[in-house]
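Residue numbers start from 1 in every chain, and the chains themselves are labelled A, B, ... in the order their sequence lines are given, proteins ahead of strands. Atoms considered below: every heavy atom in the structure, side chains included; atoms not considered: hydrogens, waters and symmetry mates.
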Number of protein chains: 2
Amino acid sequence: MQQDRADEGEATVEPERFNQARAAQSMAVLEDYVEMIGDLISEFGEARITDIAQRMGVTHPTATKAVSRLKREGLAVSRPYRGVFLTEAGAELAERVRMRHRTLVDFLVAVGVPAETAELDAEGMEHHVSDATLRAFETYLERARASDGPDFQD
Amino acid sequence: MQQDRADEGEATVEPERFNQARAAQSMAVLEDYVEMIGDLISEFGEARITDIAQRMGVTHPTATKAVSRLKREGLAVSRPYRGVFLTEAGAELAERVRMRHRTLVDFLVAVGVPAETAELDAEGMEHHVSDATLRAFETYLERARASDGPDFQD
DNA sequence: CCGCAAATGAAGCCTTGGCAACATTTCTGT
DNA sequence: ACAGAAATGTTGCCAAGGCTTCATTTGCGG
Ligand SMILES: [Mn+2]
Ligand SMILES: [Mn+2]
Ligand SMILES: [Mn+2]
Ligand SMILES: [Mn+2]
């Protein structure tokens with residue numbers, strides 16, 4: 001054999017964190033679309049491809065393709081030339097994603113990130129925040145609110 | 001024309017945050033590889049495709065393709081059947097990425113995220129942490145270290 | 001110095017997420 | 001009622017990041 005270099009240190013388990021990040025990334029688009037579709041349904045009663053595309057900042061064929069994937073994964077339903085709707089699973093995911101997004105933004109602001117920046121960064125970060133980390137953020141927020149006490153605006 | 005729905009609220013600027021997230025994502029792979037290659041060069045004096053692939057948790061053709069992109073973007077250099085090295089730009093990026101990674105993990109742990117989890121989540125989150133947010137994290141850490149004062153273990 | 005395993009390269013396939021261009025359907029306004 | 005614009009669908013292109021399979025080169029050990 002040639003070189004070895006393999007079993008040097010903890011290099012054996014290391015790759016796992018990249019796999020985790022890749023897995024999270026593969027969910028990111030689904031999560032963003034499902035949340036957005038939920039928003040549109042709340043506002044207008046349905047989510048049209050055009051509106052989805054506009055809000056996501058993509059062209060309509062791109063939005064169509066994403067919706068196809070959502071349907072394939074059982075998160076959305078739609079019929080030709082009609083609006084897009086969420087399945088129960090889709091609605092649940094949307095709700096979880098929305099809460100996580102909100103918690104993350106609140107948390108970032110609480111630790112001193114400018115609101116504008118927090119919103120921008122959160123859009124990408126959120127998809128990599130695990131449940132354990134989210135709980136830590138929530139705990140932090142509760143404590144901060146408790147100690148900042150009186151002068152806290154809902 | 002048909003429906004309008006366009007100029008309802010802030011929907012016009014909203015897509016920008018998704019574009020930002022997509023831009024960050026397109027850098028993510030470069031950043032991870034460049035950091036990893038830097039590590040390997042520190043340890044062994046060169047970064048071999050096999051070692052890169054193993055640590056990233058991918059097959060060697062995937063690593064080769066990534067290195068091709070790094071070369072194309074002026075971040076790395078290599079000759080056939082020889083190791084991969086970083087350009088000046090590559091080394092600088094690696095250093096920034098390494099610091100950001102470290103700061104993020106430290107910060108997460110400081111706010112109560114379990115170390116193991118922090119490491120996993122950071123691998124994905126890091127690529128979406130802007131300079132402004134990173135500064136906020138650093139400031140937070142400095143203050144935390146100052147108040148936790150004496151009993152702080154290097 | 002030479003054989004053979006390891007490392008690297010090369011080709012080709014797949015999926016995803018972008019895009020533009022063109023076809024078809026809906027629906028609004030007159 | 002119907003013309004024309006808007007919305008949607010369809011097709012085909014591209015790049016990135018995975019993979020498997022096979023070819024080639026390297027370099028160690030004997
Ligand atoms: Mn997002
Ligand atoms: Mn979001
Ligand atoms: Mn990373
Ligand atoms: Mn990293």
Name the nucleic acid region contacted by T50(A), choosing base, sugar-phosphate or nothing; use a 4.0 angstrom heavy-atom cut-off, strictly under.
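Sugar-phosphate contact only.
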Answer with base, sugar-phosphate or nothing: what part of the nucleic acid does P80(B) contact at a heavy-atom distance below 4.0 Å?
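Sugar-phosphate: the residue P80(B), judged by heavy atoms under 4.0 Å, touches backbone atoms but no base.
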Could you state the interatomic distance from [atom1] ([X]) to [atom2] ([Y]), rounded to the nearest 0.5 Å?
X	Y	atom1	atom2	answer
M36(B)	D32(B)	CE	CG	7.5 Å
S78(A)	I37(A)	OG	CD1	9.0 Å
I52(B)	H60(B)	CD1	NE2	12.0 Å
L93(A)	L30(A)	CG	CG	7.5 Å

Could you give the [atom1]-to-[atom2] distance, from [X] to [N], as a whole number of Å?
X	N	atom1	atom2	value
F18(A)	dG17(D)	CZ	C1'	15 Å
R22(B)	dG17(D)	CZ	P	16 Å
R48(A)	dA7(D)	CZ	P	5 Å
Q25(A)	dT16(C)	CD	P	14 Å
M56(B)	dC19(D)	CE	C1'	16 Å
I52(A)	dG9(D)	CD1	P	10 Å
H127(A)	dG17(C)	NE2	P	12 Å
L70(A)	dT16(C)	CG	P	12 Å

Under the 4.5 Å side-chain heavy-atom rule for ILVMFWY, direct or indirect, which residues accompany V129(B)?
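ILVMFWY cluster around V129(B) also holds L104(A), F107(A), L108(A), V111(A), V113(A), M125(A), V129(A), L134(A), F137(A), Y140(A), L141(A), L104(B), F107(B), L108(B), V111(B), V113(B), M125(B), L134(B), F137(B), Y140(B), L141(B).
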Is the phosphate of [N], meaning OP1 or OP2, less than 4.0 Å from a side-chain N or O of [X]?
X	N	value
T62(A)	dC19(C)	yes
T59(B)	dC19(D)	yes
R79(B)	dG9(C)	no

Salt bridge or not between R69(A) and E73(A)? Use side-chain N to carboxylate O under 4.0 Å.
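A salt bridge links R69(A) with E73(A).
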Does E14(A) offer a backbone N or O that forms a donor-acceptor pair with the side chain of R55(B) under 3.5 Å?
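Answer holds: no.
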Short N/O separations, protein against nucleotides 14-16 of chain D, under 3.5 angstrom:
unit_1	atom_1	unit_2	atom_2	d
dA16(D)	OP1	R72(B)	NH1	3.1
dA16(D)	OP2	R72(B)	NH2	3.4

So what is the end-to-end bend of the helix from dC1(C)-dG30(D) to dT30(C)-dA1(D), with 5 pairs used at each end and the value given to 10 degrees?
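About 10° separates the two local helix axes.
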Hydrophobic clustering (ILVMFWY, side-chain heavy atoms < 4.5 Å, transitive) - are Y81(A) and L40(A) grouped together?
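Different clusters.
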5′-ward residue of the pair L30(A)/H60(B) relative to DNA chain C:
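The residue mapped nearer the 5' terminus is H60(B).
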Which is more 5' along DNA chain C, the nucleotide nearest Y81(A) or the one nearest P61(A)? Just name the residue.
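Final value for this comparison: P61(A).
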Hey, are Q25(A) and H127(B) close enough side-chain-wise for a donor-acceptor pair under 3.5 Å?
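No, because no side-chain N or O of H127(B) sits under 3.5 Å from a partner of the opposite role on Q25(A).
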Donor-acceptor side-chain pairing of H101(B) and E31(B) below 3.5 angstrom
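Checked: H101(B)/E31(B) side chains show no N/O donor-acceptor pair below 3.5 Å.
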